[in-house]
Amino acid sequence: MNTTRRTVLKGATASGVLAGLIAAGALRPTQVLASEWNKAAFEAKDTAGALKGIGAAAPADSKDLVLKVPDIAENGAVVPVDVVSNIPKTTSIAILVEKNPSPLCAQFEFSNGALPEASARIKMGQTSMVKAVAKADGKFYTAQKEVKVTVGGCGG
Amino acid sequence: MKQNIIGALCALAVMGGASAQSPKKPVAKPSTKAAAAPAAEEKDAATLEFEKFRAEMEESNPAELFEMKGQEQWKAKRGPKNVSLAESCDLGQGVGKVEGAYVKMPRYFADADAVMDAERRVVWCMVEKQGFKFDDIAKQPFANETFTPDITNLVTYVATHSRNMKIAVPLDDPKVRDAYEVGKEIAAYRAGPYDFSCNTCHGTDGKRIRMQNLPNLSTPAGAIKGVQGWPGYRMTGGVMLTHQWRMGDCFRQQRFPQPKYASDAVAYLLTYMIGTANGQVYKGPGIKR
Amino acid sequence: MADPMKIRAQLKGDVAEIRVLMSHAMETGQRKDAAGATVPAHFIQSMTIDVGGKRVVDGQVGGSVSRNPVFGFKMKGAKAGDKVVVSWVDNKGEKRTDEAAVA
Amino acid sequence: MTKKMILAVAMAAPLMIALPAAADGDHRAKAIAVIKKDFQPRGQAGLDRLAEDGVQAICNRTGNKPPDYIEKAMTADQLATVKYPADGKLLGDWKEGEKIAQSGRGFTWTDNPGLPVGGNCYNCHKIAPKETSFGTIGPSLYQFGKLRGNTAETQKYAYSKIWNAKAFNLCSEMPRFGHAGALNEKQVKDLVALLLDPESPVNK
């Protein structure tokens with residue numbers, strides 16, 4: 001457990017201080033396990049706010065960011081999303097759904113040999129653009145595609 | 001002879017009908033120029049699109065989470081008798097053996113003197129071998145968004161161990177054959193306010209309800225489409241549901257009352273449905289819309 | 001206590017494919033139940049993957065990830081037998097850690 | 001009406017014995033016994049729903065292919081059950097009809113019996129072109145009025161067919177919406193309008 005915690009800590013220079021804080025119980029496990037949840041970005045009610053929240057206010061369109069989603073979702077509750085970044089030095093990928101009440105779905109940071117790609121399954125309340133945002137060498141890039149959400153069977 | 005009786009009866013009925021209502025001018029059926037029904041096996045765009053992701057979705061099917069729990073529960077000593085199913089339950093392949101058991105059920109079990117589908121058999125083992133009470137299991141036998149019964153996990157575990165095997169319901173056993181024939185009649189039985197039977201939706205090729213394709217359960221190719229989805233992880237609500245559940249929900253939509261859990265009626269219907277798929281490869285547990 | 005995850009890490013050439021299935025309700029806090037009552041938010045907020053003792057993926061997650069989440073990643077530099085440790089924490093502070101080995 | 005039902009039941013019982021096909025008749029008898037034994041009431045769906053009425057009994061015993069003379073006699077009998085509006089007007093409001101056609105609710109054990117029942121139309125038919133999520137169990141009804149003309153005769157046919165589909169094809173897969181008490185006169189009129197009103201998107 002201790003070793004896991006140590007590798008988890010961000011900014012290892014301060015690890016001594018942090019270790020003290022952990023021991024004192026001042027930090028909750030949430031904060032220790034991973035980087036702190038980006039509340040502002042995840043609770044943003046529109047895409048602009050979510051992008052701002054992850055520091056990507058004006059990402060540039062890129063063909064090297066490949067977003068694979070179905071044109072029509074079989075079920076809005078489970079929409080498969082695959083993102084692959086061919087942009088050199090990509091360090092993170094985020095997935096957003098423009099018309100969801102909270103557009104930001106997830107963001108992944110890669111290190112230690114992880115390839116800049118991710119797949120996840122997301123919920124969509126209605127037909128919307130799905131956006132991928134990649135961070136590479138400090139800059140943000142984006143790709144987007146529309147996914148149609150239709151009704152299911154039986155009408156009742 | 002028999003025809004005469006019917007003729008007489010019907011004539012009587014018609015006379016009664018005519019006298020009960022004032023005579024009406026017959027309503028002619030106007031000539032039909034309407035477009036023919038869409039071509040068979042027409043897949044909706046969502047299904048076609050989804051099929052591109054099908055392999056990926058099936059490769060990582062959340063059903064595996066339930067299977068994991070089921071495996072644990074199969075092996076654990078449980079119930080008032082503190083016995084594991086692994087050391088007590090015979091699914092037809094020997095005590096504790098799950099490999100290939102699912103695709104060889106329903107079958108006749110002499111110890112229970114009944115034809116049993118996989119779920120019914122596991123329930124029987126839980127009651128007879130582990131000492132659980134049937135009524136407790138039957139109280140809430142199917143999963144919802146907040147609760148997944150043990151039996152669902154167990155059936156998912158058992159089914160997973162028949163993945164990619166051929167369906168082989170022992171229809172040469174007269175008791176199983178009889179169950180198959182009775183099940184076939186249950187599937188054809190029209191009743192209720194809408195005159196529906198199972199076959200209303202599932203007796204013809206190439207039909208769909210709204211956008212959903214309806215497998216024709218009277219053919220092996222159609223029956224396997226229905227069979228291999230179960231047990232299935234349903235994306236709506238994210239719940240794991242069994243073939244027993246599916247039968248009940250069909251009756252619900254038929255506007256019928258509810259079939260009793262783990263009953264003959266459901267076992268026979270499943271014998272017909274799975275037996276019709278004999279020889280086809282089972283690819284479940286499934287992932288459903 | 002949260003249910004275990006299912007982790008698969010498989011080498012294909014020099015790339016290890018990591019698939020993780022998590023058992024979680026992933027309630028957004030906006031859904032209403034059958035009785036019309038709002039179901040409180042309950043979702044995983046962070047997930048991490050360490051392989052061979054090193055952080056590979058540091059993920060943040062919102063309520064719009066599907067119930068019983070499935071994630072897939074790829075990495076280079078992993079060897080057969082390397083320990084894969086996946087952890088998550090949700091908005092209520094519940095957490096879960098599971099392990100598997102690269103195969 | 002009551003007399004009708006009594007007759008239907010009276011007819012069905014002897015027919016069960018009267019109809020031939022002894023080989024699978026045995027299995028059918030077993031099936032009916034199993035159904036009676038193994039169902040339980042739930043919500044609004046009581047066990048009374050398991051009993052066959054005359055039409056169901058005939059269709060169940062003839063593989064939905066009754067002999068011509070039975071078909072003729074019984075369809076006429078079913079037609080006599082259709083209740084037409086007192087004022088004779090059969091064309092309602094197509095916009096309301098569209099709403100009824102969309103809804104598939106009603107009559108299941110999970111439905112609230114106090115709420116209106118839907119027509120289930122799009123489950124089986126293509127109707128207005130805007131709705132692309134339609135079933136194919138029944139024929140396409142798109143351009144129904146354009147192809148057949150909005151005449152008194154077609155109005156009466158459409159109304160009667162929706163009220164009691166078995167008046168035209170004894171073992172039709174289509175429910176008898178009026179006869180079953182699912183849709184009332186006004187609702188059936190609204191559906192007739194959806195199919196026949198020149199202003200309905202069906203005929204545009």
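These numbers come from a predicted model, not from an experiment. Letters A, B, ... are given to chains in the order of the sequence lines, protein chains preceding strands, and every chain is numbered from 1.
Here the straight-line distance linking atom CD of C:E17 with atom CD of A:E117 works out to 8.5 Å at 0.5 Å rounding. To the nearest 0.5 angstrom, C:F43 atom CZ is 8.0 Å from A:F42 atom CZ. Interatomic distance, OG of C:S46 versus CD of A:Q107, reported as 13.0 Å (0.5 Å rounding).
Considering only heavy atoms from C-beta on, C:V57 comes within 4.5 Å of A:F110 through its side chain. Contact of the C:S64 side chain with the A:I122 side chain is not registered, since no non-hydrogen atoms from C-beta on lie closer than 4.5 Å. For the pair A:F108 and C:M47, the minimum side-chain heavy-atom distance is below 4.5 Å. Looking only at side-chain heavy atoms (C-beta outward), C:K76 and A:L115 come within less than 4.5 Å of each other. Contact check for A:K123 versus C:T28: side-chain heavy atoms found under the 4.5 Å cut-off.
Around atom NZ of A:K39, no more than 12 heavy atoms belonging to other residues, nucleotides or ligands sit under 6.0 Å away.
Between C:F73 and A:A118, the closest heavy-atom pair is CE2-CB, 3.7 Å.
In terms of heavy-atom pairs under 4.5 angstrom with chain C, the leader among A:A106, A:S119, A:G113, A:C105 is A:S119. Chosen from C:N91, C:V65, C:V15, the residue pairing most often with chain A at heavy-atom distances under 4.5 Å is C:V65. Ranked by heavy-atom pairs under 4.5 Å with chain A, the first of C:G62, C:G72, C:G52, C:A16 is C:G72.
With a 4.5 Å cut-off on non-hydrogen atoms, A:N38 touches chain C through its backbone and its side chain both. For C:V51, no part lies under 4.5 angstrom from a heavy atom of chain A. Using a 4.5 Å cut-off between heavy atoms, C:Q60 touches chain A through backbone and side chain atoms alike. Contact annotation for A:A120: both backbone and side-chain heavy atoms come within less than 4.5 Å of a heavy atom of chain C. C:R19 touches chain A through its side chain: at least one heavy atom from C-beta onward sits under 4.5 Å away, while N, CA, C and O do not.
A donor-acceptor contact shorter than 3.5 Å links the side chain of A:N112 to the backbone of C:R55.
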